[in-house]
Amino acid sequence: MRPFKTTYLSALTAFLVYGVSGQTAGDYGQCGGIGWTGATTCPANWTCSEINDYYSQCFPGTATTSTTTATTPTTVPSSTVGTGSTSASSTSTATTTASSGSATLAPGYSFVRAVEDPYFHQYLQSEVLNTPTTAVLGNYTNAAQFQVVNGQLIQNAAGTNLYATVDPPANSSVTMLGMTWSTTPDTLGTFVFSGDSLEWSSPTVPRPQTNAWLVCPSGTTLFIYINLGYYDYETPTGCSDETLNAYTGPTAVP
Ligand SMILES: *[C@@H]1O[C@H](CO)[C@@H](O)[C@H](O)[C@H]1NC(C)=O
Ligand SMILES: *[C@@H]1O[C@H](CO)[C@@H](O)[C@H](O)[C@H]1NC(C)=O
Ligand SMILES: *[C@@H]1O[C@H](CO)[C@@H](O)[C@H](O)[C@H]1NC(C)=O
């Protein structure tokens with residue numbers, strides 16, 4: 001064990017990282033982000049670049065390849081309205097109007113949202129609200145509410161439990177998996193919040209990076225997929241890389 005301090009997280013969240021060994025992330029591996037407790041260094045001649053507050057990744061090269069605009073996170077965004085932004089001045093959003101926003105968050109639940117452009121603060125929900133339809137991202141005003149129980153991601157659909165079920169891969173060439181809300185639980189894998197980041201893993205579906213998601217629009221509908229590859233690597237045409245993150249403010253905000 002080589003104790004070390006990271007400057008990535010502030011003292012407020014330092015408890016999350018003490019005790020982690022000085023292990024090195026793999027090629028294209030995660031190397032930081034709010035709630036991340038794994039490796040924080042990259043292989044030789046690879047650089048750790050911040051993609052958003054919740055996610056940094058190793059890229060080839062020693063020059064900075066990041067398009068970072070975020071300032072150093074100073075608190076866990078899920079506890080504070082209006083933070084978690086990748087914009088330069090997230091504090092200015094703290095007074096966002098709640099009057100036209102979503103329903104109030106129920107105790108024990110979280111909103112789940114993307115935090116990276118072009119789908120910044122689009123929220124997880126059903127294609128047809130509160131029904132067992134395809135998983136999509138959508139307007140904050142329609143944000144659904146979730147909890148993870150026994151590895152199941154459960155949507156509170158107006159009092160009915162809907163389970164996130166992942167489409168099994170048709171063959172080993174498939175690079176992304178769709179997700180549908182169902183009245184019966186998922187049997188393929190396990191959901192977990194790692195810090196604020198929503199992850200999915202399965203013993204039968206090899207996946208190097210459990211928090212990599214894809215958003216692929218069709219018309220105005222933003223379909224969400226599990227990315228079986230690395231974040232930001234060989235992104236399918238028309239799709240965008242995203243992480244999905246819990247947000248526990250009183251209401252969903254733009
Ligand atoms: C890193 O880059 C330097 C300079 O190009 C090179 O000399 C060195 O062998 C590289 N190291 C690795 C592990 O690739
Ligand atoms: C999101 O909801 C707000 C408030 O109802 C509305 O003004 C806005 O047009 C909606 N945006 C989209 C993309 O649907
Ligand atoms: C794998 O499945 C996908 C989706 O059904 C299909 O488009 C593709 O042709 C299949 N590839 C192989 C090698 O079977």
Side-chain angles (χ1 to χ4, degrees), residues 25-30 46 51-52 54-55 57-60 112-120 122-139 142-144 146 148-155 157 160-194 197-246:
D27 295 357
Y28 298 102
Q30 184 171 2
W46 288 63
I51 288 170
N52 59 53
Y54 302 87
Y55 189 73
Q57 178 172 327
C58 298
F59 288 97
V112 173
R113 65 188 185 182
V115 296
E116 178 74 359
D117 284 338
Y119 302 116
F120 180 77
Q122 294 291 309
Y123 286 77
L124 188 61
Q125 52 199 250
S126 294
E127 183 178 9
V128 179
L129 295 180
N130 293 328
T131 66
T133 49
T134 310
V136 299
L137 297 184
N139 203 328
N142 297 326
F146 306 92
V148 171
V149 179
N150 295 331
Q152 300 287 331
L153 176 63
I154 303 173
Q155 179 187 171
T160 299
N161 282 347
L162 293 180
Y163 300 89
T165 57
V166 176
D167 301 339
N171 57 57
S172 59
S173 304
V174 170
T175 60
M176 52 200 278
L177 302 177
M179 197 167 89
T180 304
W181 299 102
S182 169
T183 54
T184 55
D186 182 67
T187 56
L188 193 57
T190 301
F191 289 92
V192 67
F193 281 117
S194 176
S197 188
L198 181 64
E199 304 189 347
W200 181 86
S201 60
S202 167
T204 57
V205 183
R207 194 175 179 222
Q209 195 170 327
T210 53
N211 63 352
W213 298 81
L214 291 166
V215 177
C216 308
S218 178
T220 57
T221 306
L222 307 178
F223 290 103
I224 186 92
Y225 294 88
I226 282 169
N227 178 359
L228 296 182
Y230 288 108
Y231 189 101
D232 210 20
Y233 180 71
E234 296 185 344
T235 307
T237 303
C239 301
S240 295
D241 295 276
E242 293 285 348
T243 59
L244 293 181
N245 298 86

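Atoms within a ligand are numbered from 1 in the order they appear, just like the ligands themselves. Along the sequence shown, residues carry numbers from 1. Everything numeric in this text was worked out from a predicted model, so none of it was measured.
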Keeping to residues at least two apart or across chains, list the side-chain hydrogen bond (donor to acceptor under 3.5 Å, both in side chains) pairs with something in residues 173-192.
Ser182-Thr184
Checking Thr237 now: which residues fulfil side chain to side chain contact (heavy atoms under 4.5 Å, CB included) with it, not counting sequence neighbours?
none
Looking just at side-chain N and O atoms, do Gln30 and Asn211 make a donor-acceptor pair shorter than 3.5 Å?
yes
Can you see which heavy atom on Trp200 is nearest to which on Ser202, and at what distance?
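Residues Trp200 and Ser202, closest heavy atoms: CH2-CB, 3.5 Å.
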Over all heavy atoms of both residues, which pair between Asn139 and Gln125 is shortest? Give the atoms and the distance, please.
O-NE2, 3.4 Å
Tell me which residues fall inside the under-4.0 Å heavy-atom shell around ligand 3.
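Near ligand 3, by chain and number: Ala170, Asn171, Ser173, Val174.
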Would you list the atom pairs, donor with acceptor, under 3.5 Å between side chains in residues 218-230 and any protein atom, with sequence neighbours excluded?
{"residue": "Asn227", "atom": "OD1", "partner": "Gly229", "partner atom": "N", "Å": "2.7"}
{"residue": "Asn227", "atom": "ND2", "partner": "Tyr230", "partner atom": "O", "Å": "3.4"}

